[in-house]
Each structure stands twice: as C-alpha cells, then as structure tokens.
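Everything below concerns the one structure shown next.
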Amino acid sequence: MTTIHFLGAAGEVGRSSFLLEQKKPVLLDCGVKLAEDEEEYPVLDARDIQRLDTIVLSHAHLDHCGFLPYLYRQKTRAKAVMTKPTRDLIQVLLADYLRINQGASPYEQKDVLELLKNTRITEFNEVSNGMTLYPAGHILGAAMTRLELPGKKTLLYTGDINLRETRLLDGAQTGIPADALIIESTYGAKTDKHLSLKASTAQLMKTIQKTLDRNGKVLIPTFAIGRGQELLFTLENYMRSGLLETVPIYLDGMVNKVLRIYRHNALYLKREVQHRILTSDDDPFKSEHYKIPQTKDRSDVLSEEKAIILATSGMLNGGPVLHYLKHLAPHPENTLLIVGYQAKGTRGRELVDGARELTLDDHVVPIHMEITETKFSGHSDHQELLQFIRQTQGVKDVFIVHGEKEKAEELAQAAQRVHKNASIHVPSVGEQIKI
Ligand SMILES: [Zn+2]
Ligand SMILES: [Zn+2]
C-alpha cells in the first residue's frame, strides 16, 4: 500500500514535492516556490527526511530542485536519481541560487556538494530497481518517472511536460501504462491553447522587428534554462537567414553558461541538432551576435540604439532583468516580451495583468514600454494534457498538480469525461491519498 503525500505544487505552481509513503519511501522532486517577498518550501517534516530511501528529480528548474540540498543538510541518506543533463544543470543553477540569495537560503554550498555526491545518473528508458525515466520534452534532460510500487501497482509522474517537438527537443513520450498518474496542469484551463511553433515564432519575430524599427530595445525575461536556449537558437537562425535585422543579442545571468551545458549534452537534444553539433564546425550555440554585458551597471547594453536582451529571472522576481526594466520601462519605444508562464504574486504577472507602474529598489517606475505576451512555452496546453491522460493505459487514479486550482479543476472535469471509471483528484497542499 502506498500513500501519496502532496507536500507542494497542489493547487499552485511552485515547490513541487510528492512523498510516496511506503516501506521504502520515495520523494518525487523538492522545489521552492518563488514569490515577490518570501519563498515557500514543501511541507516536509524531519522524520520523513530521515526515512527517505530514494529521491527522483524530474528536471533542473528551481520549482522542482531548489529545496533538494536542504534534505542533505538534514542528513538524509537517500540517493538522488536524475539524468546526466539534470545533474550538470543543477550544479550551476544551485550555485547561482545561493549567490543571489546571499546567505538567506536554507542551506549552503556544502549541502549542494553532498547532494551531488549522492546523485545517481540514470539513462532514459533504462529500468533500474523498478524505476524508469522517460523524456518529458520540457527542457534539456527533463524526465517523467514510472515506478513499480508495492502491491504490483505502477505510478507515472510527469514532472513538467511538453508533448510537442521544439527547435531543440523531441516531445514527451505518451502511451506509457500506469495505474496512477500525477500530471502537471500549468496550462490546464480550457482556454489555454498554444499557437503552433511556426505561428508563435512568426508573432515573436514581428514584435521584435517592430520594436527595432522604432529604435527600441526588446527585453525578454527568461529562466536560466529552457526557453532562453530555444529563443537564442531561433533568433540566431532568423538573423543568419536575413529574416530578422542583425542587432546584438545580450545574454545576462546564466543563460550563456547553460548554453555550454546544452552543447556538452548534445546527445539529449533532437537528432538534427545533435547532427549539426557533432558533425560540423557550425555550432548553433555559438554566434557572433551573442554578447555579454561588460560593465557592472550595464551602461554598454543600455547605450545601444537597438538590442535584444535576454535576462533572468523569468518571472521578474529578481536577477539582472530588473535593472534593465528600471531603465527601459519609462520609454515607449522599448518592448517587454513575456514568453513564459507568470505565477500569481510575481512582478511578471502584475505587468501582464496591466500594471502601469512598479516599485523597484524603492523607486516608483512608470511603465510606458510595450508589454507583449507570446507563449513560447515548454509546457503542454489543455488539449495536449488531455491527450496525455487519455493515452495513459489502464489508469485508475489521476492526480492533477502544478497548476492554479481553477486550471487544475478544468482539466479534471475534462479528464473525467475521457476516463469515466477513473478517480480524478485535484489535491491540496498537505493532503494524503492512499492508492
Ligand atoms: Zn519546469
Ligand atoms: Zn515546474
């Protein structure tokens, strides 16, 4: 018998963490929830941490991995299972997270090292101790996990998934049999319908060219990993083929470091990109158009007449993007281009919802720049999530997580129609459900 304890990401996006309570307890992910003022963590207690046998990490985003080192600070003896790219990515990402938090984190670098020491690399589709990881299509190395549980049951946890092929990655695998399914619902509402890659790329390029035509700068907030690399790859291709005006593309805050990890893990990218990297000198992750800011106050970037700037953090919670925003926001020729999901309570969400001023470093900054949202998402939309649920063979229990409550509930209603006999749950944080 297994009880799933929902420690986070239930009715919210952030702090993903699910404990499978059984003879050998397994923890799926252990992230932080980033908000404007305060971070929130999974509701784990010390006794659970001591008893853990295995931890599985789905991918290297902070809302899935940001709290993991804390478990090693609390002396867990569990092994942390993940893919090789995920291990490489968390190494740089967690170091950066500690640096940005400057001593305010619940753990230190030595705890990160302890985590890395206890990491076990697993390849996709390799069965080990009743556990298999499958490609999730979300970011480099992102995995879904299938587990054999006591009592001959199986459970599939999606982590974050994208069923569509992107410029760099193949889409998530579907049709994996499982008795129980824990699935994300970031874009689970019926109205969440993504444009095709072709259409969203066209929209993106149009917005950028329009801004450059009026001598403006385009600021794109991104996570360090994922959309940033996909976007750069696309921008570089468009500039190379003359479809977009050639201007400097500035990379600020980790995006560049992570590019190197993408290149070193070419085997985990889709075949045509792999082929380009491994068989020619033409490296799609290197470009004469990519520039790194050379001054601490970014005056070199800000003095450019036209530029595209990719900067972290993706939801404008912190990081260099805020410095650019402060300078660019009061001028109507500039554009803030939002490409990723903006959680409730973040500055990014406030801007998308129409805020006309923001307080940054105790200054009230008027927002006169254009704010545009083009979904260039690493997550599946409503129809694709539903398709995934429909194709999960033999599923009896579906748990919808990693989405705002209303979105998760809309997906649940639709899921009930495709699986009439299955139990569909939208759990809350702290809830425990037996399967
Ligand atoms: Zn993610
Ligand atoms: Zn996530």
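Note that ligands are numbered from 1 as they come in the structure, with each ligand's atoms numbered from 1 the same way. Predicted model only: the values in this text are computed from it and were never measured.
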Before we go on, tell me: are the rings of [X] and [Y] under 6.0 Å apart, centre to centre?
{"X": "H379", "Y": "H194", "answer": "no"}
{"X": "Y70", "Y": "Y41", "answer": "no"}
{"X": "Y107", "Y": "Y72", "answer": "no"}

Full working for ring-ring contact (aromatic ring centres under 6.0 Å, His included) between H64 and H402
CA-CA 10 Å; H64 297 258; H402 197 292; 5.2 Å; yes
Under the side chain to side chain donor-acceptor pair (under 3.5 Å) rule, collect the residues that match up with Q22, sequence neighbours excluded.
T2
Pair F399, F6 - check ring-ring contact (aromatic ring centres under 6.0 Å, His included), show working.
CA-CA 10 Å; F399 301 93; F6 296 86; 5.5 Å; yes
Identify which protein N/O/S atoms are less than 2.8 Å from the Zn ion (ligand 1).
H59 NE2, H61 ND1, H138 NE2, D160 OD2
